[in-house]
Enquirer: 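One structure coming up, written as structure tokens, with questions to follow.
Note that the structure is predicted; figures quoted are calculated from it, not measured. The analysis underlying the following values was restricted to heavy atoms, covering all of them including side chains, and did not include hydrogens, waters or symmetry mates.
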Amino acid sequence: MKAMGIARSLKDNESATKEEEQQMFKMLNDALDEGFIGLSTMDNPWDKMDGDKYWSHKTPSFYSSWKERKNLIELLRKRDVVLQGAPNLVTRVNAFNYMFASTGIFRKPLKTTMIAMMDLIGDRYIYPFIGLASRSINVLGKANFRMQSPPCPFTVYYDGVDSVMFEEFPSGEALRDLEKELDKRDALINYPKFRENFKKEIKKKFAPKVWHKDLSKAVIIDCPDKTLIAKNFYQIAEEKNQHSVDVFLDTIIKYDKKIRWTTTIANDRKEKFKSLYNFPYNLISFSDAGAHLNNMAFYNFPVKMIKIVQESIDKGNPMMTMEKCIWRLTKEQGDWFNLDCGYLAKGKVADLVIINPEKFNNITENVELDAIEKFGNYERLVNRNEGVLSMVMVGGKTIFEKEQFVEGYAKSEKYGRFLEKVG
């Protein structure tokens, strides 16, 4: 976008000129000189532009070809830094571009990480397939490739259709595109042909999907009509003797974002956690909650994993040792990303978290709404783990203890530092 300008960067049929490619190359090289650890690219069509002028256009790197990225990728390889990517989650084909970019046959392997390896309810085959592909590309292709994995159930929350999950099928994308024109959106919903298409698309069994699109697993948690709370859309449809899609679309017209519902889309089978936690070619690192403030909250996924592993140890059937669990959440990732952090040693910067295992029962799947004061009290989802964190230190300074931040934290004194590449 910086090199080509906004308008040209958001067009399918536009390619960067050689001069623009060189400008991008220089910007990346300068960033790496300053200590940045790599380049992140977005190929997923769900992520869209906001604003009025380019509303609902896909983000710029979606339109860029791998040919345009070649010099950037080779720079990453040369400098031993990271390529991070989100593939096209609709077709999934270009996930192999990331895998093949990482290979090290007759060249240096490129550190490459990609989102996300999960046990999807709507696509059970993808978890073992991605596992096999990741292992194969690392062993046979001599790659340095890692998937990213959340270690807990992946539960999402929706206000009406306010979620990127609707971007993965055409009818849902059409609803999202008209988010700023509700009269037009509601007219579209009432159009019989649209409803017919929506029903067909939501029922497709073999189409690649992240969201399972099963309305019997979609539970209403808030609504002006209190009689609907705690019911799923399939139950309501049975009560009204209507199609579940018609019930769902009618409630969207009637309540828009005032109807809030939830569903788990992945990692619902705890028996799969052991293999997920021990898989050597993933990083226990994926949350995405910071990008979807009202849709998900996994800020506490490290302590969730610690709790689950500890429970398996207590039952006499350990998924792994606690030492390995802590290593996977800290030092393994610090080392892989070439960061001077993630472990305790004499002379190292003292970033420290002290956890109280006696309070593990307070680590739950529950989420709460809380306001961000500095963003005009904007509400977002948060996790609560009362008593679990006894103390947090950043750079040798205590910032949190006794269930609260220390007086003056983040108001006058600077905490933390830019984590730059080392070595």
Enquirer: Decide if the gap between the ring center of Trp66 and the ring center of Phe100 is smaller than 6.0 angstrom.
Expert: no
Enquirer: Among Phe298, Trp211, Tyr127, whose ring-ring contact (aromatic ring centres under 6.0 Å, His included) with Phe154 holds?
Expert: Phe298
Enquirer: Does Val388 offer a backbone N or O that forms a donor-acceptor pair with the side chain of Asn356 under 3.5 Å?
Expert: no
Enquirer: Run the numbers on Lys324 and Asn278 for side-chain hydrogen bond (donor to acceptor under 3.5 Å, both in side chains), then give the verdict.
Expert: CA-CA 9 Å; Lys324 182 178 179 180; Asn278 286 283; 2.9 Å; yes
Enquirer: Students often mix this up, so state it plainly: with edges at 30° and 60°, are the rings of Phe166 and Tyr158 parallel, tilted or perpendicular?
Expert: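 The arrangement is perpendicular - the two ring planes meet at more than 60°.
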Enquirer: Which atom pair, heavy atoms only, marks the closest approach of Gly395 to Asp351?
Expert: N-OD1, 2.8 Å
Enquirer: So, the side chain of Thr264 versus the backbone of Pro153: is there a donor-acceptor pair under 3.5 Å, distance only?
Expert: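 Absent.
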Enquirer: Any donor-acceptor pair under 3.5 Å linking the side chain of His57 with the backbone of Lys11?
Expert: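 Checking the backbone N and O of Lys11 against the side chain of His57, no donor-acceptor pair under 3.5 Å is found.
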Enquirer: Identify the two heavy atoms, one from Ala174 and one from Phe194, that lie closest to each other, and give their separation to 0.1 Å.
Expert: CB-CE1, 4.4 Å
Enquirer: Work out which heavy atom in Ser61 is nearest to a heavy atom in Thr41; give both atom names and the distance.
Expert: OG-C, 4.0 Å
Enquirer: Let's go through Asn282 and Leu276 carefully: what are the C-alpha distance in whole Å and the side-chain angles of both, what is the deciding distance for side chain to side chain contact (heavy atoms under 4.5 Å, CB included) to 0.1 Å, and is it a yes or a no?
Expert: CA-CA 8 Å; Asn282 67 345; Leu276 186 73; 4.2 Å; yes
Enquirer: Just wondering, more than 12 heavy atoms not from Glu271 lying within 6.0 Å of its CD?
Expert: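 Yes.
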Enquirer: Is the count of non-hydrogen atoms from other residues, nucleotides or ligands lying under 6.0 Å from Lys108 atom NZ greater than 12?
Expert: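 Atom NZ in Lys108 is packed in, count exceeds 12.
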Enquirer: Evaluate the criterion side chain to side chain contact (heavy atoms under 4.5 Å, CB included) for residue pair Glu420 and Glu34; output intermediate values, then yes/no.
Expert: CA-CA 8 Å; Glu420 58 185 298; Glu34 294 297 330; over 6 Å; no
Enquirer: Could you tell me whether Glu403 atom CD has more than 12 heavy atoms of other residues or ligands within 6.0 Å of it?
Expert: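 Atom CD in Glu403 is packed in, count exceeds 12.
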Enquirer: Show, in sequence, the C-alpha distance, side-chain angles and deciding distance for Asp250 and Gln242, and conclude whether the side chain to side chain contact (heavy atoms under 4.5 Å, CB included) test is met.
Expert: CA-CA 11 Å; Asp250 287 343; Gln242 291 180 265; 3.9 Å; yes
Enquirer: With no hydrogens and no angle check, just 3.5 Å: does a side-chain donor-acceptor pair link Lys397 and Tyr415?
Expert: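 There is no such pair (donor and acceptor under 3.5 Å, judged by atom type) between the side chains of Lys397 and Tyr415.
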Enquirer: How long is the span from the CZ atom in Arg185 to the CD1 atom in Ile252, to the nearest 0.5 Å?
Expert: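 Arg185 atom CZ to Ile252 atom CD1 measures 6.5 Å (nearest 0.5 Å).
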Enquirer: Are Leu389 and Ile355 side-chain neighbours, meaning at least one heavy-atom pair lies under 4.5 Å?
Expert: yes
Enquirer: Counting only N and O atoms by type, is there a donor-acceptor contact under 3.5 Å from the side chain of Asn267 to the main-chain atoms of Cys152?
Expert: yes
Enquirer: Under 4.0 Å between a Lys/Arg side-chain N and an Asp/Glu carboxylate O for Lys213 and Glu201?
Expert: no
Enquirer: Is the side chain of Gln333 donor-acceptor paired with the backbone N or O of Ser285 at a distance under 3.5 Å, no angle test?
Expert: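 Not confirmed, Gln333 side chain does not pair with Ser285 backbone.
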Enquirer: Look at Lys193 together with Glu196 and state whether they make a salt bridge at an N to O cut-off of under 4.0 Å.
Expert: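 Between Glu196 and Lys193 there is a salt bridge, with a charged N closer than 4.0 Å to a carboxylate O.
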Enquirer: Considering all heavy atoms of both residues, which atom of Lys421 and which atom of Phe36 are nearest to each other, and what is their separation?
Expert: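 So the minimum-distance heavy-atom pair works out to CB-O, 4.2 Å.
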Enquirer: Output yes when a side-chain donor or acceptor of Ser9 lies under 3.5 Å from a complementary backbone atom of Ile6, and no otherwise.
Expert: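 Answer holds: yes.
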Enquirer: Look only at the side chain of Glu238 and the backbone of Gln235, and say whether a donor-acceptor pair between them is shorter than 3.5 Å.
Expert: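 Looks like no, no N/O pair under 3.5 Å.
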Enquirer: Kindly check if the number of other-residue, nucleotide or ligand heavy atoms within 6.0 Å of NZ (Lys204) is above 12?
Expert: no
Enquirer: For Asp370, is there an ion pair with Arg384 - N to carboxylate O distance below 4.0 angstrom?
Expert: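 A salt bridge links Arg384 with Asp370.
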Enquirer: Classify the angle between the aromatic ring planes of Phe273 and Tyr277 as parallel (below 30°), tilted (30 to 60°) or perpendicular (above 60°).
Expert: parallel
Enquirer: Where the side chain of Asn88 meets the backbone of Asn94, is there a donor-acceptor pair that is under 3.5 Å apart?
Expert: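 No, Asn88 side chain to Asn94 backbone: no donor-acceptor pair under 3.5 Å.
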Enquirer: What heavy-atom pair brings Thr321 and Ile313 nearest, and what distance separates the two atoms?
Expert: C-CD1, 4.5 Å
Enquirer: If you count the non-hydrogen atoms of other residues, nucleotides and ligands that lie under 6.0 Å from NZ in Lys199, is the total more than 12?
Expert: yes
Enquirer: Quick check on Phe418: does its CZ atom have over 12 non-hydrogen neighbours (other residues, nucleotides or ligands) under 6.0 Å away?
Expert: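 Yes.
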Enquirer: Identify which one of Lys272, Arg124, Lys270 satisfies the salt bridge (charged side-chain N to carboxylate O under 4.0 Å, His left out) criterion when paired with Asp119.
Expert: Arg124
Enquirer: Are the side chain of Thr262 and the backbone of Val156 linked by a donor-acceptor contact shorter than 3.5 Å?
Expert: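 Answer holds: yes.
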Enquirer: Determine yes or no for a side-chain-to-main-chain donor-acceptor pair under 3.5 angstrom, with Asn294 supplying the side chain and Glu379 the backbone.
Expert: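 Yes; judged by distance alone, with no hydrogens or angles, the pair exists.
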Enquirer: Has Lys307 got its NZ or CZ under 6.0 Å from the middle of the six-membered ring of Phe360, at an angle within 45 degrees of the ring axis?
Expert: no
Enquirer: Should the pair Lys217-Asp268 be classified as a salt bridge under the 4.0 Å nitrogen-to-oxygen rule?
Expert: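 No, Lys217 and Asp268 are not salt-bridged.
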Enquirer: Taking only Lys NZ, Arg NE, NH1 and NH2, and the carboxylate oxygens of Asp or Glu, determine whether Lys231 and Asp225 approach each other closer than 4.0 Å.
Expert: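 No salt bridge links Lys231 with Asp225.
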Enquirer: Between Asp123 and Arg92, does at least one N-O distance fall below 4.0 Å, as a salt bridge requires?
Expert: yes
Enquirer: For the atom pair CG (Leu228) and OG1 (Thr251), what is the distance rounded to the nearest 0.5 Å?
Expert: 8.0 Å
Enquirer: When rounded to the nearest 0.5 angstrom, what distance separates CE in Met147 from OG1 in Thr113?
Expert: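 Output value for this atom pair is 7.5 Å.
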Enquirer: Around atom OH of Tyr299, are there more than 12 heavy atoms of other residues, nucleotides or ligands at under 6.0 Å?
Expert: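 Yes, OH of Tyr299 has more than 12 neighbouring heavy atoms, counting only those of other groups under 6.0 Å.
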Enquirer: Are Asp177 and Lys48 ion-paired here, with the side-chain N under 4.0 Å from a carboxylate O?
Expert: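 Salt bridge flag = yes for Lys48 with Asp177.
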Enquirer: Below 4.0 angstrom, N of the basic side chain to O of the carboxylate: do Glu167 and Arg176 qualify?
Expert: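 Result for this pair is yes, salt bridge flagged.
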Enquirer: Can you name the nearest heavy-atom pair linking Gln148 to Pro150, along with the distance?
Expert: O-CD, 4.3 Å
Enquirer: Rounded to the nearest 0.5 Å, how far apart are CG of Asp186 and CG of Leu175?
Expert: 9.5 Å
Enquirer: So among Arg380, Arg260, Lys257, which one has a salt bridge (charged side-chain N to carboxylate O under 4.0 Å, His left out) with Asp159?
Expert: Arg260
Enquirer: Which distance, rounded to the nearest 0.5 Å, do you find between the CD1 of Ile284 and the CH2 of Trp327?
Expert: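 Between atom CD1 of Ile284 and atom CH2 of Trp327 there are 10.0 Å.
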Enquirer: Test Ile265 against Ile121 for side chain to side chain contact (heavy atoms under 4.5 Å, CB included), laying out the working first.
Expert: CA-CA 6 Å; Ile265 63 172; Ile121 292 175; 5.8 Å; no
Enquirer: How about Tyr234: does its OH atom have over 12 heavy atoms from other parts shown lying under 6.0 Å from it?
Expert: no
Enquirer: Whether the Asn144 and Trp336 side chains hold a donor-acceptor pair (N or O, under 3.5 Å, no angle test) is what I'd like checked.
Expert: yes
Enquirer: I need the Ile326 CD1 to Met305 CE distance, nearest 0.5 Å.
Expert: 8.5 Å
Enquirer: Are Phe286 and Phe301 an aromatic pair by the rule of ring centers under 6.0 Å?
Expert: no
Enquirer: Taking only Lys NZ, Arg NE, NH1 and NH2, and the carboxylate oxygens of Asp or Glu, determine whether Asp12 and Lys58 approach each other closer than 4.0 Å.
Expert: no
Enquirer: Charged N to carboxylate O below 4.0 Å: is that the case for Glu74 and Arg77?
Expert: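 Answer for the salt bridge query: yes.
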